[in-house]
Amino acid sequence: MLVSCAFTPTLATPDHITLAERLGYQRAWCYDSPALYCDVWMTLAAAAQRTVAIGLGPGVLVPHLRHPMTNAAAVATLEALAPGRVAVAVGTGFTATGALGHRPMPWEQVIAYVKAMRALLQGEDVMWDGRLTRMLHPIGVVPPRPMDVPFIVAASGPKGVAAARGLGAGIFLGPRPVAVEGFTQAAALITGTVLEPGEDPAGERVMAAAGHGAAVWLHACYERPDALARVPRGLEWKAMVDDLPAATRHLLLHELHHTGVNERDLPFVSDELLARYTYTAVTLQQRLTHLAQLGVTEVVYQPAGPDIPRELEVFVATFMQWAHDRTAVVEGE
């Protein structure tokens, strides 16, 4: 299983990706949420020019944000800057669309978009919005077509899994993945923090580094009262959100999404909920073993809080120890 990382792009992210490469992470994904973070493509381009080996990619692109030609040209530019290191993850949208007040896209539209991007990168003509389009870039501007860049589909439910299979793409699973079969590439996201020995799991540092995971869980379950009912004050949190002005609710709901805990969510991030996003070295290694058993081939860690280098260093050290121990067991059998 590979170890990768994911970032909410900031001005510091290219430096963090450079550090991740030195630490042994094999790929860096950057979220694509224009209402919340720095531009994904500019961040990846800056990282490409500071690194030599780490894989790079947007994770995940949301089709309705850009014409497929715009993203195809961006992929080609990044491939020119980081040859052979680029992968592209695409999804229906959660944060990116929610923060703009829209719902996730239908899967049939996502499938059509991925097919169009792939065809453009292969040098084919594509019909889009009733007009024929083609990458007209001459040799020397971007790499020559065809460009065989791996595509990965972000999915958790059966429709998304079916879309990934139909496209022959990899799959990018969320923090609560299910077993997957038949995928040569299956990535799974992990958020939260690894505790120091004896550290208070509800302490200030832990909240800063792991609270975002708990808050995102609340956001993801906003329309699932059954899930919210299973955590302390979950339904009370939903009632609080429902009372926000309808015109700005989507803006307020997504403040600090994946980066921290906003002032409205903070009272509802209980110790019980926060504990889902904290790990000891032992419990993280147990989680990694479980993911491997599910068929995950790439674990993707998203650090947060004021000390991103610390989060990257501790996570990858724990992963490397797990991988070493796992190899030793296999070789000893």
Connected-component partners of Met127 among ILVMFWY, side-chain separation under 4.5 Å: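 Leu132, all in the cluster of Met127.
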
So, taking the atom named [atom1] in [X] and the one named [atom2] in [Y], what distance separates them when rounded to the nearest 0.5 Å?
| X | Y | atom1 | atom2 | value |
| --- | --- | --- | --- | --- |
| Arg233 | Leu273 | CZ | CG | 12.0 Å |
| Phe7 | Trp29 | CZ | CH2 | 13.5 Å |
| Thr13 | Leu19 | OG1 | CG | 12.0 Å |

Do you know the tightest heavy-atom contact between [X] and [Y]?
| X | Y | answer |
| --- | --- | --- |
| Ala6 | Val300 | CB-CG1, 3.6 Å |
| Glu311 | Gly192 | OE1-O, 4.3 Å |
| Pro58 | Ala87 | CD-O, 3.4 Å |

Between [Y] and [X], do the side chains contain a donor N or O and an acceptor N or O under 3.5 Å apart?
| X | Y | value |
| --- | --- | --- |
| Trp41 | Asp32 | no |
| Gln185 | Glu298 | yes |
| Thr92 | Trp107 | no |

Evaluate whether atom CD of Glu263 has more than 12 neighbouring non-hydrogen atoms of other residues, nucleotides or ligands under 6.0 angstrom away.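 For Glu263, atom CD is not crowded (no more than 12 foreign heavy atoms under 6.0 Å).
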
Decide if atom CE of Met42 counts as having more than 12 heavy atoms of other residues, nucleotides or ligands within a radius under 6.0 Å.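 At most 12 heavy atoms, drawn from other residues, nucleotides or ligands, come within 6.0 Å of this atom.
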
Close side-chain approach of Cys5 and Leu23, heavy atoms under 4.5 Å: no

Sort and list the pairs that fulfil ring pair (Phe, Tyr, Trp, His ring centres under 6.0 Å) and have at least one residue in residues 281-308, not counting sequence neighbours.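 Qualifying pairs, neighbours excluded: Tyr301-Phe315.
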
